[in-house]
J.: 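Got a structure for you, written out below as structure tokens; questions coming shortly.
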Amino acid sequence: MFFPLPLMRSVRLKEAEEPPEARYTASCLCGSAPCILCSCCPSSRNSTVSRLLFTGFLFLGVLVSIIMLSPGVESQLYKLPWVCEDGAQTPLVLQGPLDCGSLLGFRAVYRMCFATAAFFFLFTLLMVCVRSSRDPRAAIQNGFWFFKFLVLVGIAVGAFYIPDGSFSKIWFYFGVVGSFLFILIQLILLVDFAHSWNQRWLGKAEECDSRGWYAGLFFFTFLFYALSVAAIALMFIYYTKPGTCHEGKIFVSLNLTFCVCVSIIAVLPKVQEAQPNSGLLQASVVTLYTMFVTWSALSNVPDQKCNPHLPGPQSNKTLPEGPAYYETQWWDAPSIVGLVIFILCTLFIGLRSSDHRQVNSLMQTEECPEATQQQQQQQVVACKGQAFDNEQDGVTYSYSFFHFCLVLASLHVMMTLTNWYSPSETRKMISTWTAVWVKICASWAGLCLYLWTLVAPLLLPNRDFS
């Protein structure tokens with residue numbers, strides 16, 4: 001069958017007149033990260049864009065989990081196969097009366113975070129030993145975003161049909177281990193941020209010959225220590241009682257002593273000689289974060305005399321039966337502050353590499369080699385607002401380790417959103433000593449890790465810790 005020549009010409013003209021944006025947008029669904037940024041955005045590295053998009057997937061899961069905790073979705077959650085009572089019709093309660101919908105919300109958070117953790121764990125295994133963007137698996141890492149989103153949605157939908165059984169109990173301990181590791185990662189990132197901050201402001205002070213930068217460093221150091229002292233005082237006031245709450249008193253006193261010790265060690269002459277960039281700013285950040293972890297641990301003490309955050313009945317008077325008369329408190333101050341720190345640290349993982357080689361080695365990231373900087377500048381000009389491939393000669397971060405960090409982040413945010421409450425053998429949702437000891441041990445491990453960064457150059461003088 002033959003078409004008239006004028007008709008064929010008109011078809012070609014229509015194809016030529018078709019805006020390239022439509023074909024460009026469609027190709028981005030299956031293409032790579034360079035398509036993701038629009039022309040109005042500044043040119044960015046392909047590696048940075050991919051990390052931000054994966055972080056966006058994680059934040060999407062966090063948003064869904066927060067929505068699941070809201071009372072408005074309870075009626076929809078009742079349609080799922082797991083309900084608020086077990087086969088023996090034994091109600092689940094949270095150390096006192098708790099409405100059924102909140103327990104469904106708690107279960108929903110566990111399943112949503114299980115989906116995000118499984119998604120990132122799949123990529124952890126898939127991206128092992130990817131060395132450059134020339135590896136075929138790098139195309140999966142940096143592209144096919146629409147299909148990856150569908151995979152995440154599919155895993156999430158399937159997770160909501162997992163039979164309850166012992167799932168919540170087992171997954172709680174996965175969350176405990178993952179959250180412990182992510183607390184250490186958060187401390188590493190905070191110390192690295194404080195190191196970079198200290199270096200930049202000291203460099204500005206030397207360049208400008210101005211005391212204003214020194215005053216700024218002194219102000220923030222004093223502020224962080226003042227907040228730490230205030231936190232210690234408030235913890236003694238609200239989380240300890242005369243003649244009881246001995247565990248809380250010991251935890252706060254020990255961490256106070258440890259923080260004073262590491263602050264003194266940070267300014268010792270020999271440490272300053274081996275670590276010129278070490279100072280009280282980093283020690284103040286570590287002290288403040290340690291006090292936050294201690295506060296978070298005390299908020300999980302399973303004793304209402306020593307823990308004002310434990311939920312309970314609204315009053316001592318007799319109330320009619322029904323979930324509307326029960327007090328539900330998933331969100332408290334430690335959870336909100338922990339969620340903010342989680343968001344900032346997760347963005348920090350996705351946005352930048354460290355200025356310190358040791359941190360890059362630990363976090364499996366590295367800056368781009370200087371030899372490729374000229375090539376990247378040429379790519380920036382050519383891309384005109386799109387992301388460019390900066391990993392042809394070698395990846396700037398370990399794909400596998402990055403996804404493993406997001407697995408830990410998924411587990412940590414799950415524990416944060418549910419206040420570390422655990423389903424017990426008595427079918428009660430309670431705050432346990434497990435959560436308390438995990439957080440306290442994480443604070444001690446973080447202090448030991450920071451102490452090691454101070455004394456390692458003295459103990460291993462033949463190694464380069466610059």
J.: Apply side-chain contact (heavy atoms from CB on, under 4.5 Å) to residues Leu227 and Met291 and explain how you reach the verdict.
T.: CA-CA 9 Å; Leu227 291 175; Met291 291 301 115; over 6 Å; no

J.: I want to check something: taking the side chain as every heavy atom from C-beta on, are Tyr239 and Lys249 in contact at a cut-off of under 4.5 Å?
T.: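 Sidechains of Lys249 and Tyr239: no contact.
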
J.: Under a 3.5 Å distance rule, please check whether Asn198 uses its side chain to pair with a backbone N or O of Ala194 as donor and acceptor.
T.: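 Checking the backbone N and O of Ala194 against the side chain of Asn198, no donor-acceptor pair under 3.5 Å is found.
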
J.: Within 45° of the axis and under 6.0 Å from the centre of the six-membered ring of Trp145, does NZ or CZ of Lys148 qualify?
T.: yes

J.: Can you tell which of Thr294, Thr257, Thr240 makes a side chain to side chain contact (heavy atoms under 4.5 Å, CB included) with Val252?
T.: Thr294

J.: Among side-chain atoms of Trp201 and Tyr214, is any donor-acceptor pair under 3.5 angstrom?
T.: no

J.: Assess the residue pair His403 and Phe121 against the criterion (ring-ring contact (aromatic ring centres under 6.0 Å, His included)); give the C-alpha distance rounded to whole Å, side-chain angles, the decisive distance to 0.1 Å, and a yes or no.
T.: CA-CA 7 Å; His403 288 294; Phe121 185 71; over 10 Å; no

J.: If you measure only the distance, is there a donor-acceptor pair under 3.5 Å linking the side chains of Tyr225 and Ser263?
T.: yes

J.: What do you reckon, are the aromatic ring centroids of Trp213 and Phe218 less than 6.0 Å apart?
T.: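 Aromatic pair excluded; centres sit 6.0 Å or further apart.
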
J.: Counting C-beta onward and ignoring hydrogens, is there a side-chain heavy-atom pair between Val436 and Phe251 closer than 4.5 Å?
T.: yes

J.: Under 6.0 Å from the OH atom of Tyr238, do we count more than 12 heavy atoms belonging to anything else shown?
T.: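 Open: at most 12 neighbouring heavy atoms sit under 6.0 Å from OH of Tyr238.
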
J.: Flag the pair Lys439 / Trp420 as yes when at least one side-chain heavy-atom distance between them is below 4.5 Å, and no otherwise.
T.: yes

J.: Given ring-ring contact (aromatic ring centres under 6.0 Å, His included), test Phe119 with Phe123 step by step and report yes or no.
T.: CA-CA 7 Å; Phe119 175 77; Phe123 277 88; 5.0 Å; yes

J.: So, do Phe172 and Tyr110 have ring centers that fall under 6.0 Å from each other?
T.: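 Centroid distance Phe172-Tyr110: not below 6.0 Å, so no.
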
J.: With a 3.5 Å cut-off and sequence neighbours excluded, list the donor-acceptor pairs that the side chains of residues 173-185 form with protein atoms.
T.:
| from | atom 1 | to | atom 2 | distance (Å) |
| --- | --- | --- | --- | --- |
| Ser179 | OG | His412 | ND1 | 2.7 |

J.: Check whether any side-chain heavy atom of Trp295 sits under 4.5 Å from a side-chain heavy atom of Met235, and report yes or no.
T.: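 Answer yes - side chains close enough.
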
J.: Show your reasoning for whether side-chain contact (heavy atoms from CB on, under 4.5 Å) applies to Leu298 and Val301.
T.: CA-CA 5 Å; Leu298 295 180; Val301 172; 4.3 Å; yes

J.: Measuring only between side-chain heavy atoms, which start at C-beta, is Phe120 closer than 4.5 Å to Phe404?
T.: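 Answer no - side chains too far apart.
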
J.: Do we see a donor-acceptor contact under 3.5 Å between the side chains of Asn300 and Trp433?
T.: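 Asn300 vs Trp433: no donor-acceptor pair found between side chains.
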
J.: Taking the side chain as every heavy atom from C-beta outward, state whether Leu406 and Thr346 have any atom pair closer than 4.5 Å.
T.: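 When only atoms from C-beta onward are counted, Thr346 and Leu406 do touch, with a gap below 4.5 Å.
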
J.: Look only at the side chain of Gln272 and the backbone of Ala266, and say whether a donor-acceptor pair between them is shorter than 3.5 Å.
T.: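 Yes, Gln272 side chain to Ala266 backbone: donor-acceptor pair under 3.5 Å.
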
J.: Give the C-alpha distance, both sets of side-chain angles, the deciding distance and a yes or no for side-chain contact (heavy atoms from CB on, under 4.5 Å) between Leu459 and Val455.
T.: CA-CA 6 Å; Leu459 300 178; Val455 302; 4.0 Å; yes

J.: Find out whether Phe292 and Val337 are in side-chain contact, i.e. whether some heavy atom of one side chain is under 4.5 Å from a heavy atom of the other.
T.: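 Contact flag for Phe292/Val337 side chains = yes.
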
J.: Would a 4.5 Å heavy-atom cut-off, applied to side chains only, mark Val286 and Cys259 as touching?
T.: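 They are not in side-chain contact.
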
J.: So, for Ala117 and Trp171, which heavy atoms are closest and what is the spacing to 0.1 Å?
T.: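 Reported closest heavy-atom pair: CB-CZ2, 4.1 Å.
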
J.: So, for Phe220 and Trp197, is the gap between ring centers shorter than 6.0 Å?
T.: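 Close enough - the centres of the two rings lie under 6.0 Å apart.
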
J.: Kindly determine whether Phe342 and Gln186 satisfy side-chain contact (heavy atoms from CB on, under 4.5 Å), including the steps that lead there.
T.: CA-CA 8 Å; Phe342 160 80; Gln186 285 185 147; 4.0 Å; yes

J.: Is the number of heavy atoms from other residues, nucleotides or ligands under 6.0 Å of Phe57 CZ greater than 12?
T.: yes

